[in-house]
Amino acid sequence: MKVFNTQTRRKEEFEPLVPGKVSMYVCGPTVYNFIHIGNARPMIVFDTARRYMEHKGYEVNYVSNFTDVDDKIIAKAIEEGVTAQEISERYIAECKKDMEGMNVKPATTHPLATQEIGGMIEMIQTLIDKGYAYDVDGTVYFRTKKFKEYGKLSHKNLDDLRSGNRSLLVTGEDQKEDPLDFVLWKPKKEGEPSWPSPWSDGRPGWHIECSVMAKKYLGEEIDIHAGGEDLIFPHHENEIAQSECCNGKPFAKYWLHNAFLNIDNRKMSKSLGNFFTVREISEKYDLQVLRFFMLSAHYRSPLNFSAELMEASANGLERIRNAVSNLGYLLENAADDSMTEEEQKRLDEVMAFETKFDEAMDDDFNTADAIAAIFELVKYANSNVSAGNTKAFIQAVRDEIVKLCDVLGIIAEEQQELLDEEIEKLIQERQEARKAKNFARADEIRNQLLEQGITLLDTREGVKWKRA
Ligand code: AMP
Ligand code: ZN
């Protein structure tokens with residue numbers, strides 16, 4: 001599998017630090033409002049990358065934070081006359097609903113910045129002790145000049161930045177030694193949430209959050225760090241500086257960045273006001289259509305949002321679902337014989353589409369080509385599977401389409417009621433997940449069952465379940 005690494009600007013063979021395991025950190029949203037479909041792009045594309053790696057047999061530890069302390073959250077809280085916590089809790093819950101609608105799997109861990117302040121203070125202290133950071137009247141800055149590799153991710157010329165960019169000297173930060181220095185800790189202003197620290201009662205800067213959460217949940221060195229391309233500079237550049245200076249080790253092996261979702265060829269963003277929230281889109285379309293639309297382009301290509309492209313995505317998805325439902329219909333009436341020799345041969349042809357799909361995804365997650373492979377398979381099924389085929393063959397073709405769609409997080413079949421034995425199997429898996437302290441997976445299973453109207457009761461005699 002090859003991935004394009006922003007740092008080396010090349011596609012590189014993917015070799016995880018620990019064979020068979022992938023540690024992945026994706027910068028999450030700042031939660032002060034409903035997410036817009038631009039924010040949804042990294043969620044969908046990196047969830048797809050995760051699903052593909054799982055399909056290849058990797059165990060993926062996927063961490064994505066919520067930034068729940070920030071100027072914009074505080075401003076919104078003041079506007080509504082409520083606490084910042086109330087705002088962030090509300091929009092985390094809404095964001096999770098949107099993620100579920102888009103079939104984005106919950107991360108293994110979704111840390112919250114406000115729950116990790118201790119770790120941040122510790123990292124800042126280490127940076128001060130090592131001479132990489134300094135305190136001026138309660139504000140702590142990172143001493144960028146001391147990190148010789150600063151700029152290695154964004155390939156920026158630092159002298160140009162320094163001389164040309166006086167605006168980096170943000171008001172209130174004029175005590176910095178250098179315009180490129182950035183804030184690790186800032187003292188509170190009246191009415192803001194704050195935490196005690198050795199430097200001042202205050203709150204962390206944005207960049208330190210991710211360095212600390214990645215370290216705590218994934219370790220000092222991680223395989224993949226991802227986010228939208230607007231995060232390359234300064235956010236990810238600063239994360240590298242903090243983590244590498246603190247830990248004395250390379251931080252992330254591969255840096256992956258998605259291009260923007262545009263509207264009229266301009267970045268969709270809250271500040272420009274040219275956005276649609278995921279919630280708005282869900283009123284007009286099945287969110288699966290949104291997911292399909294996002295995956296119809298390569299994640300590193302800019303993607304322009306338009307009603308026409310959404311229509312095309314709706315049609316494409318419909319074509320796949322029709323094929324799956326036709327196969328389901330054929331299945332009901334098919335003979336229960338074992339596969340014929342002819343069908344065995346045909347199955348090899350069917351599997352060739354999976355090879356094509358895998359090749360596309362192995363090439364830096366080329367979802368556009370992967371979808372093309374699914375369409376070819378659908379076309380093949382439409383013209384080669386008929387009422388004369390055996391159940392085993394029809395089932396195998398149908399399963400193959402559903403499976404490849406599932407790798408992309410696309411739901412190709414009508415949700416069917418779970419059979420008793422499937423429920424028992426999921427409960428068993430949940431018990432094992434709990435034993436292995438994989439509570440995220442255990443919760444995921446409980447929620448999955450809940451969606452199907454099945455509630456679990458943990459009793460002394462074991463787990464009982466009932467249908468609603
Ligand atoms: P924010 O809440 O602005 O920090 O953004 C959360 C994530 O969404 C980051 O990874 C951003 O890079 C990404 N993002 C924001 N706007 C867009 C957009 N228009 N297209 C693609 N990604 C975006
Ligand atoms: Zn981040």
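Heavy atoms only: backbone and side chains are in, while hydrogens, waters and symmetry mates are out. Both counts, for ligands and for their atoms, begin at 1 and track the order of listing.
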Distance under 4.0 Å to a non-hydrogen atom of G228: what atoms of ligand 1 satisfy this? 10 (O), 12 (O)
For the 3.5 Å polar cut-off, considering only N or O atoms, please tell me whether M268 and ligand 1 meet it. yes
Closest non-hydrogen protein atom to atom 18 (C) of ligand 1, residue and atom name please, with distance? G38 CA, 3.5 Å
Under 6.0 Å from the six-membered ring centre of F375 and within 45° of its axis: does the NZ or CZ of R319 meet both? yes
Taking both backbone and side chain into account, is any N, O or S atom of H207 nearer than 2.8 Å to the Zn ion (ligand 2)? no
Please compare I263, N258, L231 and report which has the shortest non-hydrogen distance to atom 9 (C) of ligand 1. L231
Heavy-atom proximity to atom 7 (C) of ligand 1 ranks first, among S64, S269, P42, C95, for P42
Listing request: all ring pair (Phe, Tyr, Trp, His ring centres under 6.0 Å) pairs with a residue in residues 102-138, at least two apart in sequence or in separate chains. F66-H110, Y134-Y141
Tell me the nearest of V26, D230, D70 to atom 12 (O) of ligand 1, using heavy-atom distances. D230
Would Y217 and Y25 count as a close aromatic pair, with their ring centres under 6.0 Å? no
Please report, to 10°, the angle around the Zn ion (ligand 2) from atom SG (C210) across to atom OE2 (E239). 100°
Verify side-chain hydrogen bond (donor to acceptor under 3.5 Å, both in side chains) between E12 and T8, making sure each step is shown before the conclusion. CA-CA 9 Å; E12 293 175 23; T8 56; 2.3 Å; yes
Specify whether F182 and Y150 have parallel, tilted or perpendicular ring planes, treating 30° as the upper limit for parallel and 60° as the lower limit for perpendicular. parallel
What residue and atom, counting heavy atoms only, is the protein's closest point to atom 15 (C) of ligand 1, and at what distance? N39 ND2, 3.4 Å
Output the list of atoms in ligand 1 that are nearer than 4.0 Å to some heavy atom of H36, sorted by atom number. 16 (N)
If you scan protein heavy atoms around atom 2 (O) of ligand 1, the nearest is T30 N, 3.2 Å
Those atoms of ligand 1 less than 4.0 Å from some heavy atom in A259: 21 (C)
Residue among K189, R203, K76 satisfying salt bridge (charged side-chain N to carboxylate O under 4.0 Å, His left out) with D71: R203
Heavy atoms only: which of I37, I232, L261 lies closest to atom 20 (N) of ligand 1? L261
With distance as the sole criterion, is a donor-acceptor pair present between the side chains of D137 and Q175 under 3.5 Å? yes
So does H236 have any N/O/S atom less than 2.8 Å away from the Zn ion (ligand 2)? no
Any chance you could lay out the salt bridge (charged side-chain N to carboxylate O under 4.0 Å, His left out) test for K21 and D223, step after step, and finish with the verdict? CA-CA 9 Å; K21 295 193 173 181; D223 291 308; over 6 Å; no
Check salt bridge (Lys or Arg N to Asp or Glu O under 4.0 Å) between R441 and all other residues, then give those that pass, not counting sequence neighbours. E429, E444
